Amino acid sequence: MYTDKVMDHFQNPRNVGEIPDANGVGEVGNASCGDIMKIFLKVEDNVIKDVKFKTFGCGAAIATSSMVTEMAIGKTIDEALELSNQAVAEALDGLPAQKMHCSNLAADALHEAIKDYKARQQAG
Amino acid sequence: MYTDKVMDHFQNPRNVGEIPDANGVGEVGNASCGDIMKIFLKVEDNVIKDVKFKTFGCGAAIATSSMVTEMAIGKTIDEALELSNQAVAEALDGLPAQKMHCSNLAADALHEAIKDYKARQQAG
Amino acid sequence: MKQIYLDNNATTPVHPEVLEAMLPCYRDQFGNPSSVHWAGRAVAGAVEKAREQVASLIGASPAEIVFVSCGSEGDNMALKGTVDALRDKGNHIITTSVEHPAVLETCRYLEKTGCEVTYLPVDRDGMLDLAQLEAAITEKTILISVMWGNNETGNIFPIEEIGKIARKYKVRFHTDAVQAVGKVPVDVKAAGVDMLVLSGHKIGAPKGVGAIYIKRGTRLTPLMHGGHQERNRRAGTHNVAGIVGLGKACEIAGRDLEKNAAHMRRLRDKLEEGIRKNVPQIKLNGHPDPAMRLPNTLNVSFAFIEGESLLLNLDMYGIAASSGSACTSGSLEPSHVLGAMCVEVTLAHSSTRFSLGPNNTEEEIDYVLDVLPKTVQRLREMSPLYNCSNEEQCETCETIRRI
Amino acid sequence: MKQIYLDNNATTPVHPEVLEAMLPCYRDQFGNPSSVHWAGRAVAGAVEKAREQVASLIGASPAEIVFVSCGSEGDNMALKGTVDALRDKGNHIITTSVEHPAVLETCRYLEKTGCEVTYLPVDRDGMLDLAQLEAAITEKTILISVMWGNNETGNIFPIEEIGKIARKYKVRFHTDAVQAVGKVPVDVKAAGVDMLVLSGHKIGAPKGVGAIYIKRGTRLTPLMHGGHQERNRRAGTHNVAGIVGLGKACEIAGRDLEKNAAHMRRLRDKLEEGIRKNVPQIKLNGHPDPAMRLPNTLNVSFAFIEGESLLLNLDMYGIAASSGSACTSGSLEPSHVLGAMCVEVTLAHSSTRFSLGPNNTEEEIDYVLDVLPKTVQRLREMSPLYNCSNEEQCETCETIRRI
Ligand SMILES: Cc1ncc(COP(=O)(O)O)c(C=O)c1O
Ligand SMILES: Cc1ncc(COP(=O)(O)O)c(C=O)c1O
């Protein structure tokens with residue numbers, strides 16, 4: 001049911017882990033729907049220098065998390081805010097229909113992390 | 001579905017035909033139920049000397065007709081009146097359940113023929 | 001002993017290519033297509049490929065195909081599912097008096113639950129009056145169900161025209177195409193049907209699998225509730241081997257349709273001619289124009305003799321035919337189809353159906369034409385109706401003499 | 001790559017002896033058992049032999065067995081057929097909250113048609129309170145439907161005791177024994193059930209065939225109307241090959257039951273022990289006493305990781321397992337069975353079912369026990385819930401920590 005790209009990202013996820021000194025952290029999903037994604041950002045000069053993720057979820061959730069980190073790295077935060085869940089799914093050559101809604105949240109997590117970064121900047 | 005005995009009597013029916021100078025003829029069944037049996041008797045001294053049949057009907061109808069002629073020959077008419085449809089079916093090692101009612105009428109036809117013989121005797 | 005199979009409307013042998021396609025599903029590819037692991041993935045694609053093969057034969061989209069276990073299930077699902085889903089709209093069904101029991105008995109059951117059913121009559125040739133069909137439609141009509149080809153007589157019904165009427169009145173239209181598929185071209189879009197049922201074992205696939213076409217957007221309550229298979233339209237673990245076989249059989253049916261139809265038609269016509277020439281006092285049941293019948297079907301009444309006894313006699317020569325529908329052979333009533341066509345009851349009892357398949361040969365037909373006349377004669381000699389001594393007074397003879 | 005199949009509750013490979021018995025039905029013995037000629041006669045006996053084989057495995061009479069297309073059909077037939085047949089008597093059904101969707105979804109549908117359904121709760125081990133069951137019976141109760149063995153946890157329900165309660169109140173009793181048959185001894189008479197459903201593909205027969213036991217004298221409206229097959233209890237041309245396969249599989253299941261059960265139990269217990277020993281923070285789902293579960297089933301939640309991702313990782317090693325019922329894998333809801341057992345929702349998402357078959361070997365279990373700990377660890381490292389940095393405030397961690 002999964003494309004080769006999904007399987008690749010699922011089996012060899014990129015950028016797994018935490019960034020101890022992250023300056024933006026976002027979390028979406030909740031346990032009851034079976035998917036929790038957490039994105040850690042290191043932003044410098046409005047550019048995403050490093051991203052890492054931790055995900056509790058199905059194959060699609062892990063693959064989209066991995067893919068979104070690859071897509072976000074090197075982008076400005078404004079560019080990264082343009083990244084949609086749809087674009088992530090497309091970069092993976094598509095996801096099974098029943099996974100589109102529940103497990104395709106990685107871009108949302110990224111946006112949350114950017115929001116957190118912005119909030120911290122304002123607060124700081 | 002049919003026993004070997006039924007198939008034998010169906011494939012090689014005994015005593016098919018009419019008796020031109022029969023002194024008893026009986027017919028049972030009707031076209032709408034798909035079975036018509038006609039029995040011709042030659043009775044001498046109350047003993048059945050010859051029997052023949054003609055039957056329109058399924059395998060069971062033809063086999064029971066054939067069997068009843070074999071069973072009746074040589075019997076006195078009183079003995080022949082004791083012959084039941086059940087006995088005919090048993091002599092054939094049984095009939096399929098759904099054939100027991102409709103197609104198992106040969107003894108009835110024999111009895112009709114005997115009745116006809118008796119009526120002719122009385123009339124004559 | 002020779003074995004000459006002329007009962008293809010009852011069931012067909014599995015096509016060797018079909019069996020070959022199925023076998024892996026019993027061995028390495030045994031998984032449940034709903035499973036995510038290797039065993040499931042190995043077969044999920046096979047099921048979807050079969051769905052495309054079935055869809056392609058009848059001009060549907062794969063998503064409009066639901067796999068079921070047989071033609072009867074498809075018919076039950078189409079009728080009961082419609083009645084349940086369209087309860088608010090009405091409760092009236094229009095069908096014909098010559099449908100297969102899978103439709104007729106389901107209608108009789110639905111009548112008990114409060115449905116009203118119009119059973120359209122047929123004429124002596126077994127054909128419908130479309131004006132009568134149109135006139136039967138009421139505000140409450142939720143479904144028209146007319147078979148594409150009749151299993152007993154082979155009569156082909158004007159599905160496209162009925163489709164037009166159904167669309168005109170916006171009434172849902174189901175067709176039981178179990179006998180038509182693989183024998184005549186079937187296109188759901190051209191025919192304007194909303195639902196169509198086919199059955200594997202009539203077209204060289206195994207028994208135990210069939211399919212229903214459900215036009216996109218057609219609300220239908222499932223007959224089987226449970227798991228999420230078939231997008232919630234039919235629960236139950238997929239019969240993978242059967243489905244793969246059905247797909248392959250549909251592919252072959254499409255590929256060989258013209259060739260097979262022409263072959264069967266030629267042999268059927270030869271048989272029909274031969275019987276007419278060599279056996280007196282017969283009556284053809286069904287449309288007199290062979291082109292108005294499925295190319296493989298011939299139904300004949302041999303006056304004075306009963307169908308089953310003829311079958312059993314032919315069977316002694318290795319010839320397999322049938323007396324009415326195989327499905328109704330458990331019944332002792334004469335065929336309801338012939339009854340609806342006003343065939344005299346004795347002649348209905350005398351009816352015999354020959355239904356050919358692509359494998360039949362010219363030699364086989366010659367053999368049948370050799371065996372048949374003497375077999376019929378032998379049974380006629382045994383019949384009290386034949387050369388009846390007092391034909392003048394005999395009511396039954398009277399009836400039969402009219403043919 | 002190694003292929004280790006531990007998903008036998010989803011489906012099983014066809015037993016070689018079964019396939020051998022089936023093959024002739026696709027070739028020479030292709031007839032319709034309802035036909036009277038040679039082609040029909042050749043298979044009618046085979047169908048009746050299979051009926052005896054099925055009956056004999058479960059202690060029934062052959063006349064009490066009706067062949068159907070799958071377990072789901074049997075369950076639908078038992079429930080809908082009872083509701084229709086006993087309409088005059090009442091409209092109340094008692095079942096459990098851990099039934100297979102074939103029963104549960106059918107009940108939900110029946111509720112829409114006016115039935116009342118009591119879904120009995122289970123305790124944290126997944127077991128019923130029989131006093132509660134007895135108390136739920138009312139004057140209107142027409143059916144108790146309790147599965148024999150649960151497909152997800154393997155829990156075995158006290159069918160005999162429930163049978164006694166059903167008889168005491170003269171309520172009809174149906175059991176879905178799809179998972180129990182072939183794994184534990186099943187005797188319909190001893191159990192006092194009125195109806196029982198089994199499915200071929202769970203016991204080495206092919207997919208697409210099953211059977212329902214209907215105790216003599218049980219009035220049941222057919223789910224499929226039509227031809228006279230199965231004494232008017234199930235229309236549709238017989239799936240001869242499937243039926244023959246089911247018969248053979250039942251014969252084998254009876255013959256090898258003890259041996260297979262002992263073998264599977266030993267390996268399952270080994271797997272269970274090994275997991276307990278080598279993987280921290282797990283929760284067993286189902287009855288803690290392995291003897292109270294089907295001998296082949298083990299359901300474990302691996303905290304912090306989601307079931308599907310574990311399955312896919314195991315799949316990379318050729319290990320096929322399942323996360324809840326294969327039939328519900330189209331759903332994204334965590335298992336309703338674990339939900340009914342009050343398993344925390346995250347742990348329900350983490351659940352993995354290993355279901356063994358007679359072919360599994362000790363080496364395979366060793367291999368799984370080698371692969372599993374590192375795979376679980378790898379996924380845990382990826383999980384935001386594992387070693388959560390602010391475990392104190394994290395609600396989810398809170399929940400999981402309770403195991
Ligand atoms: C307990 C139980 N009941 C019913 C079914 C349905 O059986 P089938 O897939 O043959 O329809 C299954 C199988 O998934 C099951 O495990
Ligand atoms: C016209 C028609 N409809 C339905 C059926 C039922 O098909 P199945 O036997 O696959 O249930 C048949 C076959 O007997 C048929 O000829």
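The basis for the numbers below is simple: all heavy atoms, side chains too, and nothing from hydrogens, waters or symmetry mates. Only a predicted model underlies this, so the values are computations on that prediction, with no experimental measurement involved. The chains referred to below are lettered A, B, ... by the order of the sequence lines, with proteins before strands, and numbering in each begins at 1.
- Of the atoms belonging to Ala320(C), heavy atoms from both backbone and side chain fall under 4.5 Å from chain D.
- Between the Asn32(D) side chain and the Thr11(C) main chain, no donor and acceptor come within less than 3.5 Å of each other.
- Nearest heavy-atom pair across Gly236(C) and Ser72(D) is CA-OG, 3.3 Å.
- For the pair Ser69(D)/Arg234(C), a side-chain contact is recorded, criterion being any heavy-atom separation below 4.5 Å from C-beta on.
- Pairing each heavy atom of Ala235(C) with each of Cys70(D), the nearest pair is O-SG, 4.4 Å.
- The greatest number of non-hydrogen atom pairs below 4.5 Å with chain C, out of Asp28(D), Leu311(D), Asp84(D), is found for Asp84(D).
- For Thr221(C), the part lying under 4.5 angstrom from a heavy atom of chain D is the side chain only.
- With respect to chain D, the highest number of heavy-atom pairs below 4.5 Å among Glu105(C), Arg27(C), His225(C) belongs to His225(C).
- How far CH2 of Trp38(D) is from CD1 of Ile319(C): 11.0 Å, rounded to the nearest 0.5 Å.
- The salt bridge (charged side-chain N to carboxylate O under 4.0 Å, His left out) test applied to Glu20(C) returns no partner, not counting sequence neighbours.
- Taking the six-membered ring for Trp and thresholds of 30 and 60 degrees, His37(D) and Tyr5(C) have ring planes more than 60 degrees apart, a perpendicular arrangement.
- Nearest approach of Leu223(C) to Asn76(D), heavy atoms of both residues: O-OD1, 3.6 Å.
- At a 4.5 Å heavy-atom cutoff, the contact between Met22(C) and chain D is made by side-chain atoms alone.
- Using a 4.5 Å cut-off between heavy atoms, Asn232(D) makes no contact with chain C at all.
- Heavy atoms closer than 4.5 Å to chain D are found nowhere in Lys112(C), neither backbone nor side chain.
- Proximity to chain C (any heavy atom under 4.5 Å) is shown, for Leu314(D), by neither the backbone nor the side chain.
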Check your understanding: Can Asp75(C) and Met224(D) be said to form a side-chain contact (heavy atoms from CB on, under 4.5 Å), step by step?
Key -> CA-CA 9 Å; Asp75(C) 284 330; Met224(D) 271 181 237; over 6 Å; no
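- Arg41(D) touches chain C through its side chain: at least one heavy atom from C-beta onward sits under 4.5 Å away, while N, CA, C and O do not.
- Pro222(D) touches chain C through its backbone: at least one of N, CA, C or O sits under 4.5 Å from a heavy atom, while the side chain does not.
- Proximity to chain D is absent for every atom of Arg231(C), based on heavy atoms less than 4.5 angstrom apart.
- Contact of Gln3(C) with chain D is made through backbone and side chain together, with heavy-atom distances under 4.5 Å.
- Between chain C and the residues Ala39(D), Gly318(D), Ala241(D), Gly71(D), the largest count of heavy-atom pairs under 4.5 Å involves Gly318(D).
- The ring pair (Phe, Tyr, Trp, His ring centres under 6.0 Å) search around Tyr26(C) returns none, not counting sequence neighbours.
- Residue contact with chain D, scored on non-hydrogen atoms closer than 4.5 Å, is absent for His15(C).
- For Leu23(C), the part lying near chain D is the side chain, with the backbone staying farther off; criterion is any non-hydrogen pair under 4.5 Å.
- No other option in Gly208(C), Pro13(C), Gly245(C), Gly242(C) has as many heavy-atom pairs under 4.5 Å with chain D as Pro13(C).
- For the set Val14(D), Val103(D), Asp315(D), the entry with the most heavy-atom pairs within less than 4.5 Å of chain C is Asp315(D).
- For Ser35(D) against Asp7(C), the heavy-atom pair with the smallest separation is OG-OD2, 3.6 Å.
- For the residue pair Lys207(C) and His238(D), the shortest heavy atom distance occurs at CD-O, 3.0 Å.
- Heavy atoms of Ile4(D) lying under 4.5 Å from chain C belong exclusively to its backbone.
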